Novice: 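Sharing a structure with you now.
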Amino acid sequence: TYIGVAPGAQFIVAKTENPDSLYEFPVEEDTYIAGLEWAESRGADIISSSLGYTNWYNWPTDYDGKTSPASIAVYEASKRRVIVVTAAGNVAIPQLVIPGDAINAITVGGIDSTFNRWHYSGQGPTYDGRLKPEIVCLSAAPVVVDPDERNSYFLSFGTSGATALASGICALLLEGHPKWNVDSLRKAL
């Protein structure tokens, strides 16, 4: 039996990316927004997103939390008390991925087992000077469940796993403090 970070959590699962493509397309940002709205309409308290868009944005000028539709949607969801935890991204150069620049998003970067920045972890600041990521979790070789096998694990690499860990921590904090909002969670983290 697998037990995650927040064993009492209930899940609403949405797939917004095209798994058959090696490339990103702007329409995937639209489906991300639709997934965000869909999960919110079904009562999601926390939305964890491990994806990112960079191909049609200019670093750093477009990374201000007000340019990309996905970042604007995250901000709007946060105004309705939805906690959005998102990956800083896996990038070869120091920058973030969209919607990691979103205002009120809790953006998660990665560290290795020696508590140093994982060399592919996205990082800011945003164009308007906000520090991103707000939190880091293990990105280099955490043990995770193998989704393709029964009772099997493997070592994972990337800020997606770190984001899942941070989302679980947020769920535990929200369980203990149900009236907290994004700012309360951010301060506690």
Side-chain angles (χ1 to χ4, degrees), residues 3-9 11 32 36 39-40 44-54 59-60 63-65 68 70-145 155-189:
I3 298 175
V5 175
F11 294 87
Y32 169 77
L36 188 76
E40 181 184 349
D45 297 314
I46 299 169
I47 295 177
S48 178
S49 59
S50 297
L51 46 69
Y53 309 106
T54 59
W59 174 262
Y63 291 73
D64 59 1
S68 80
S71 297
I72 293 167
V74 166
Y75 175 63
E76 291 298 321
S78 75
K79 291 193 312 189
R80 292 184 297 277
R81 299 188 58 83
V82 176
I83 311 299
V84 180
V85 185
T86 192
N90 307 328
V91 291
I93 59 172
Q95 76 172 64
L96 294 169
V97 297
I98 301 279
D101 69 321
I103 297 166
N104 286 346
I106 297 175
T107 305
V108 183
I111 57 172
D112 63 24
S113 59
T114 61
F115 304 105
N116 291 310
R117 181 182 160 270
W118 181 56
H119 59 280
Y120 292 119
S121 176
Q123 64 183 35
T126 61
Y127 189 66
D128 56 337
R130 289 172 291 115
L131 295 179
K132 294 284 186 168
E134 286 91 350
I135 187 172
V136 294
C137 285
L138 188 61
S139 286
V143 177
V144 299
V145 172
L155 299 178
S156 175
F157 290 87
T159 57
S160 293
T163 300
L165 290 169
S167 298
I169 294 166
C170 288
L172 293 172
L173 288 169
L174 202 56
E175 181 180 24
H177 305 278
K179 297 198 183 299
W180 278 10
N181 61 18
V182 168
D183 292 331
S184 306
L185 274 172
R186 183 179 283 111
K187 287 175 187 171
L189 292 171

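Model, not experiment: these values are computed from the prediction.
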Novice: Looking at Thr159 and Ser121, would you say the former's side chain and the latter's main chain have a donor-acceptor pair under 3.5 Å?
Specialist: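 No.
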
Novice: Using modelled atom types only, decide if a donor and an acceptor are shared between the side chain of Lys132 and the backbone of Ala105 within a distance under 3.5 Å.
Specialist: yes

Novice: Taking side-chain hydrogen bond (donor to acceptor under 3.5 Å, both in side chains) as the test, write out the residues that go with Tyr75, two or more places apart.
Specialist: none

Novice: Begin from the C-alpha positions of Ile106 and Leu189 and carry the test side chain to side chain contact (heavy atoms under 4.5 Å, CB included) through to its verdict.
Specialist: CA-CA 10 Å; Ile106 297 175; Leu189 292 171; 4.0 Å; yes

Novice: About how many Å separate CD1 of Ile98 and CH2 of Trp59, when rounded to the nearest 0.5 Å?
Specialist: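 The distance works out to 9.0 Å.
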
Novice: What residue among Leu131, Ile135, Val136 forms side chain to side chain contact (heavy atoms under 4.5 Å, CB included) with Pro133?
Specialist: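 Of the listed options, the one satisfying the test is Val136.
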
Novice: Could you state the interatomic distance from CG (Leu165) to OG (Ser160), rounded to the nearest 0.5 Å?
Specialist: 11.0 Å

Novice: Output every pair passing salt bridge (Lys or Arg N to Asp or Glu O under 4.0 Å) with a member in residues 167-189, not counting sequence neighbours, ordered by first then second residue.
Specialist: Glu134-Arg186, Asp183-Arg186

Novice: Kindly give the heavy-atom pair with the smallest separation between Val97 and Gly89, and that separation in Å.
Specialist: CG2-CA, 3.6 Å

Novice: To the closest 0.5 Å, what do you measure between CD1 (Ile93) and OH (Tyr120)?
Specialist: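 Ile93 CD1 to Tyr120 OH: 12.5 Å, rounded to 0.5 Å.
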
Novice: Between CG of Asp45 and CH2 of Trp180, what distance do you get to the nearest 0.5 Å?
Specialist: 14.5 Å

Novice: Mind listing the closest non-hydrogen atom pair of Arg81 and Asn181 along with its distance?
Specialist: NH1-CB, 3.5 Å

Novice: Atom CG of Leu185 and atom CD1 of Ile169: how far apart are they, to the nearest 0.5 Å?
Specialist: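 Output value for this atom pair is 11.0 Å.
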
Novice: Kindly give the heavy-atom pair with the smallest separation between Ser71 and Ala102, and that separation in Å.
Specialist: O-CB, 3.6 Å

Novice: So which heavy atom on Ala141 is nearest to which on Leu155, and how close?
Specialist: O-CD2, 3.5 Å

Novice: Grab the two heavy atoms, one from Gly100 and one from Thr107, that are nearest each other, plus how far apart they are.
Specialist: O-OG1, 2.7 Å

Novice: Among Ser139, Cys137, Ser113, which residue meets the side chain to side chain contact (heavy atoms under 4.5 Å, CB included) test with Trp118?
Specialist: Ser139

Novice: I'd like to check the side-chain hydrogen bond (donor to acceptor under 3.5 Å, both in side chains) partners of Ser50; sequence neighbours left out, ordered by chain and number.
Specialist: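 Not a single residue meets the side-chain hydrogen bond (donor to acceptor under 3.5 Å, both in side chains) criterion with Ser50.
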
Novice: Can you name the residues that form a side-chain contact (heavy atoms from CB on, under 4.5 Å) with Val82, not counting sequence neighbours?
Specialist: Glu40, Ile47, Ala77, Val84

Novice: May I ask you to test the Thr86-Val74 pair for a side-chain heavy-atom distance under 4.5 Å?
Specialist: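 Heavy-atom side-chain distance check fails, nothing below 4.5 Å.
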
Novice: Determine which pairs satisfy salt bridge (Lys or Arg N to Asp or Glu O under 4.0 Å) with at least one residue from residues 115-128, sequence neighbours left out, and list them in order.
Specialist: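 Output for this query lists Asp128-Arg130.
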
Novice: Near Tyr127 OH, under 6.0 Å, is it more than 12 heavy atoms from other residues, nucleotides or ligands?
Specialist: no

Novice: Starting at OG of Ser68, measure out to OH of Tyr53 and round the result to the nearest 0.5 Å.
Specialist: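 Rounded to the nearest 0.5 Å, the OG-OH separation comes to 9.5 Å.
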
Novice: Using the test side-chain hydrogen bond (donor to acceptor under 3.5 Å, both in side chains), find all partners of Ser167 that sit at least two apart in sequence or belong to another chain.
Specialist: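 Ser167 satisfies side-chain hydrogen bond (donor to acceptor under 3.5 Å, both in side chains) with Ser48 once adjacent residues are dropped.
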
Novice: Kindly give the heavy-atom pair with the smallest separation between Gly168 and Ala6, and that separation in Å.
Specialist: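 Where Gly168 meets Ala6 most closely, the heavy atoms are O-CB, 3.7 Å.
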
